[in-house]
J.: 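One structure, pasted below without further comment.
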Amino acid sequence: MDAQTLIARRVAKELHSGDLVNLGIGIPTLVTNYVPPDLKVFFQSENGLIGTGPIPEQGMAHPLLTDAGGRPISALPGASTFDSAMSFGLIRGGHVDVTVLGGLQVDQQGHLANWMIPGKMVPGMGGAMDLVSGSRRVIVAMQHAAKGKSKIVRECTLPLTSVRPIDLVVTDMAVIAFPDGSATLMETAPGVSIGEVVAATDAVLLLPDAIPEMTL
Amino acid sequence: MDAQTLIARRVAKELHSGDLVNLGIGIPTLVTNYVPPDLKVFFQSENGLIGTGPIPEQGMAHPLLTDAGGRPISALPGASTFDSAMSFGLIRGGHVDVTVLGGLQVDQQGHLANWMIPGKMVPGMGGAMDLVSGSRRVIVAMQHAAKGKSKIVRECTLPLTSVRPIDLVVTDMAVIAFPDGSATLMETAPGVSIGEVVAATDAVLLLPDAIPEMTL
Amino acid sequence: MRAVSVVEAIAMIPTGASVMVGGFMGVGTPERLLDEVVRQRKGELTLISNDACVPGKGVGKLFDAALVARLTASHIGLNPKAQEQMLANQIAVDLIPQGTLVERIRAGGCGLGGVLTPTGVGTLVAEGKRQIEVEGRIFLLETALRAQFALLHAFLADGLGNLAYALTSRNFNPVMAMAADTVIVTAENIVPVGVIAPDHVVTPAPLVDYLITNE
Amino acid sequence: MRAVSVVEAIAMIPTGASVMVGGFMGVGTPERLLDEVVRQRKGELTLISNDACVPGKGVGKLFDAALVARLTASHIGLNPKAQEQMLANQIAVDLIPQGTLVERIRAGGCGLGGVLTPTGVGTLVAEGKRQIEVEGRIFLLETALRAQFALLHAFLADGLGNLAYALTSRNFNPVMAMAADTVIVTAENIVPVGVIAPDHVVTPAPLVDYLITNE
């Protein structure tokens, strides 16, 4: 299983029936592929839709039905559309149960940086700051390291997305949570040892007595 | 012509095609009866409707289509409905061209008091404070005097509805405006002399050289 | 969303709860829910609603049964019972401008701490409130308002909880649907999922916790 | 509302105007209006839009033609030309969180001085902004945003100017319709008055100043 699939499959396990879920661009988008069909999850697209469905069949795309990246999507029966004020009212108001975003850095207090590399990448934060500030539960789905460097750091060197700590990071090596504000290794990826995770992680990880392997 | 009809007919002359107009309860409501049919005015009902029409014909009232007092109304072709946040967004945001309200007192600076008589009448301000604060033009339609006492006063003794001065008062005796913040007699009612208006008015009235009689 | 009976839904409300009730002079008010509140005698309520309606109708029934301890509303002038109870200090009444009331509820539902409004500046309404200057203009800081429960009425509800409203019965319902911990809804018509077009849904399904079934 | 040609509508916009443009990554953007802005070379614009779209599409065309002097948006990462012009200091860019952007526009349209949001507290976004504490929580004071013109796109417009939107093309259009001195609209379908049901109108007619006729 490739890294992205592993991460997406593990994140899918965090969703419950009835949840309103917002998925960021990239790995988070893949999560929809691994949600069991009997799980009734509402997916929100921040450009104004609840009830996003799969990519439309050939010839069935509509130019006015797109995701936040402008790509054609479909709408499930029972979908609803709304303006951006409502969309962010839902997000900021705590109505989104789970938001899944990509990350550049997560630090050992659970702070996320994912919108800017000063002097290099200044795309704007889009909806990320509202999503992290307002969602009930924030999950970061990202590779454990980039170019050999850990993305789970002691302290974010990049500008923060929010001072509100995230709840969970799921990487190709581990699941890390932040109970009491301290990075804690919850699970390891199949075939990855605890030692390998610790070695690949810049942040100080708390290690509970039992650290199971991810079930997917 | 009775006083209420006179006032309503004179206020109707202040409306222009395309105006969005909010009418308060009482005399203001009568204004609709005197708007020429070729004048395309949008009437807003603050409970969530633009395009209010006349009282429904016998048997055609719908319980979910009412004015702000809960009485059945009709909707003209091209009407629109919305929630209270939108309704007051329109009002506070300056999208209402003309609001017509009743008054308890108007003072010579143009301040209106119309929502409370301490110790006696404490109904709440409903939408009045937003309407006076936000509408482009505020017209007060009221009797010149109540129980022999002038309602156009030197200074309001009742709690103000807004510190924003109103634009025009239309009574059964006169039309008074507030250019530069001073009550100015603009017109007299048919058969009423300037002297009679001045005598019936507690406020100091500026008297321009020409004070025509109302045309109705 | 869970479909429940009106009895079951109202049983969840404890004495002394804060309750938002949709409607404007009884139009768009969930009468069946209020009848059951009265039947179960849920008292000492903190009620947030546009108005006090009239005796015998809408939230007026709650004053008839003396179940309200505190009221936040914009207008109570058409309900003599509510006025009497206020003047007799049986209920504490906070009267606030209608546009301010709806914005405070919207702020509560949308995760805002409050809004700055020009309405009420220089009047009795400004007493005890912070004034904030923005580009030379003075505004009142009006803070967010939330409740434990919202009792709402829709015209259409589908099996997921999507809601659409008819004509002037929309009023406070959609904003209250976002501003309460638990949202309970009656609908004139319960329809199959997909019957309400996505563009015509006003309150998206995930906001609704309980829909009252036809009995 | 007045029905006008696209040429006549855009001719009203002076050089250096502030212009809100509806749409999200080009979806719900009035392409015909933007094409005409480019043709008439209306430059030095202060543009307010959710994003910078991509070159050749939506507001991206305004960057292709170098007509933008100042941009307020939440995201420009998918338009390399806008990024280049920003990094070369040819345009002054104010990047703000999407939820804050839409609330600032809504405040401008609804007569509010601003709103208090938790978004951005403790981040770069907070720099230079007032922080306000409400019941122990810190919020940023975000002030209202308005423009001289709003260029919008609807799915349905009727002969009075009532507008309805389709699917995800609604986005910023309804809030911008309230926040500009002059509102100019293109629609995919112009229909007779009465065809859009009152409950399905999203932008009421009095908000629309100019509707572009079919040509």
Side-chain angles (χ1 to χ4, degrees), chain B residues 25 44-52 62-75 79-94 111-113 115-116 118-134 156 158-164, chain C residues 22-28 50-54 57-58 71 73-79 82-83 86-87 93-103 105-106 109-110 117-126 138 153 155 165-177 188 202-203:
Chain B
I25 290 170
Q44 180 199 29
S45 191
E46 72 204 47
N47 52 326
L49 176 68
I50 288 176
T52 66
H62 192 282
L64 303 183
L65 182 55
T66 57
D67 67 14
R71 287 172 299 266
I73 47 169
S74 61
S80 53
T81 59
F82 33 81
D83 69 19
S84 297
M86 177 66 172
S87 194
F88 280 84
L90 291 167
I91 289 167
R92 206 191 305 95
H111 294 132
L112 169 67
W115 68 281
M116 185 189 184
K120 203 166 161 193
M121 184 194 89
V122 192
M125 63 297 281
M129 285 193 170
D130 295 287
L131 281 160
V132 177
S133 300
C156 286
L158 298 173
L160 294 188
T161 305
S162 176
V163 291
R164 174 250 168 100
Chain C
F24 195 116
M25 284 304 294
V27 178
N50 174 60
D51 51 69
C53 201
V54 293
K57 190 181 171 194
L71 170 68
S74 80
H75 197 270
I76 64 167
L78 300 174
N79 189 331
Q83 293 238 1
M86 173 177 74
L87 295 174
V93 178
D94 191 12
L95 290 168
I96 58 185
Q98 199 168 130
T100 300
L101 177 61
V102 72
E103 278 300 317
I105 297 169
R106 182 182 179 276
C110 291
T117 180
T119 303
V121 170
T123 74
L124 290 183
V125 165
I138 301 288
H153 186 64
F155 186 64
Y165 306 89
L167 301 165
T168 56
S169 71
R170 192 182 305 195
N171 54 69
F172 279 72
N173 283 294
V175 281
M176 289 177 172
E188 313 231 340
V202 174
T203 298

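Within every chain, numbering begins at 1; the chains are lettered A, B, ... in the order of the sequence lines, protein sequences first and strands thereafter.
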J.: When you compare the side chain of C:V27 with that of B:L64, does any pair of heavy atoms fall below 4.5 Å?
T.: yes
J.: To the nearest 0.5 Å, what is the distance between CD on C:E103 and CZ on B:F88?
T.: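 Answer for the CD-CZ pair, C:E103 versus B:F88, is 10.5 Å.
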J.: At a heavy-atom separation under 4.5 Å, does B:M116 approach chain C through its side chain, its backbone, both, or neither?
T.: side chain
J.: Supply the atom-to-atom distance B:M129 CE to C:T100 OG1, rounded to the nearest 0.5 angstrom.
T.: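 One gets 9.0 Å once the value is rounded to the nearest 0.5 Å.
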J.: Quick check on C:I96 against chain B: is it the side chain, the backbone, both or neither that has a heavy atom closer than 4.5 Å?
T.: backbone
J.: Donor-acceptor check, side chain of C:T168 to backbone of B:T66, threshold 3.5 angstrom: yes or no?
T.: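 Looks like yes, one N/O pair under 3.5 Å.
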J.: Using non-hydrogen atoms and a 4.5 Å limit, figure out which bit of B:L65 sits close to chain C: side chain, backbone, both or neither.
T.: both
J.: Any side-chain to backbone donor/acceptor pair from C:N171 onto B:D83? Under 3.5 Å, distance only.
T.: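 Not confirmed, C:N171 side chain does not pair with B:D83 backbone.
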J.: Is C:F155 in contact with chain B via its backbone, its side chain, both, or neither, using a 4.5 Å heavy-atom distance?
T.: side chain
J.: Rounded to the nearest 0.5 Å, what's the gap from NE2 on C:H75 to CE on B:M125? Could you check?
T.: 9.5 Å
J.: Could you look at B:V132 and say if it's the side chain, the backbone, both or neither that has a heavy atom under 4.5 Å from chain C?
T.: neither
J.: Given a strict heavy-atom distance threshold of 4.5 Å, which part of C:I76 is in contact with chain B: side chain, backbone, both, or neither?
T.: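 Backbone plus side chain of C:I76, per the 4.5 Å heavy-atom cut-off to chain B.
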J.: Nearest 0.5 Å, please: how far is OG in B:S84 from CZ in C:R170?
T.: 10.5 Å
J.: Sort C:F172 into side chain, backbone, both or neither according to what part of it lies under 4.5 angstrom from a heavy atom of chain B.
T.: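 For C:F172, heavy atoms of backbone and side chain both lie under 4.5 Å from chain B.
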J.: With a 4.5 Å cut-off on side-chain heavy atoms, are C:V121 and B:R164 touching?
T.: no
J.: Roughly how far apart are B:W115 CH2 and C:T123 OG1, rounded to 0.5 Å?
T.: 6.5 Å
J.: Between B:D67 and C:M25, is there a side-chain heavy-atom distance shorter than 4.5 Å?
T.: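 C:M25 does not reach B:D67 side chain to side chain.
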J.: Between chain B and each of C:G99, C:A166, C:A73, C:G77, count heavy-atom pairs under 4.5 Å; write down the option with the most.
T.: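 Most pairs with chain B among the choices: C:G99.
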J.: If every non-hydrogen atom of B:S133 is compared with every non-hydrogen atom of C:P118, which pair is closest and at what distance?
T.: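 In terms of heavy atoms, the two residues are closest at OG-O, 4.3 Å.
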J.: In terms of heavy-atom pairs under 4.5 Å with chain C, which of B:G48, B:G70, B:G126 leads?
T.: B:G126
J.: What is the distance from atom CG of C:L87 to atom NZ of B:K120, rounded to the nearest 0.5 Å?
T.: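 C:L87 atom CG to B:K120 atom NZ measures 13.5 Å (nearest 0.5 Å).
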J.: Walk me through it: do C:L95 and B:V122 pass the test side chain to side chain contact (heavy atoms under 4.5 Å, CB included)?
T.: CA-CA 9 Å; C:L95 290 168; B:V122 192; 4.0 Å; yes
J.: Do side-chain atoms of C:R106 reach the backbone of B:A85 as a donor and acceptor pair under 3.5 angstrom?
T.: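 Between the backbone of B:A85 and the side chain of C:R106 there is no qualifying donor-acceptor contact (under 3.5 Å).
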J.: Which answer fits B:A68, side chain, backbone, both or neither, if we ask what part of it has an atom under 4.5 Å from a heavy atom of chain C?
T.: both
J.: Under a 4.5 Å heavy-atom cut-off, does chain C meet the side chain of B:T81, its backbone, both or neither?
T.: both
J.: If I measure from the heavy atoms of chain C, does B:S80 come under 4.5 Å with its side chain, its backbone, both, or neither?
T.: neither
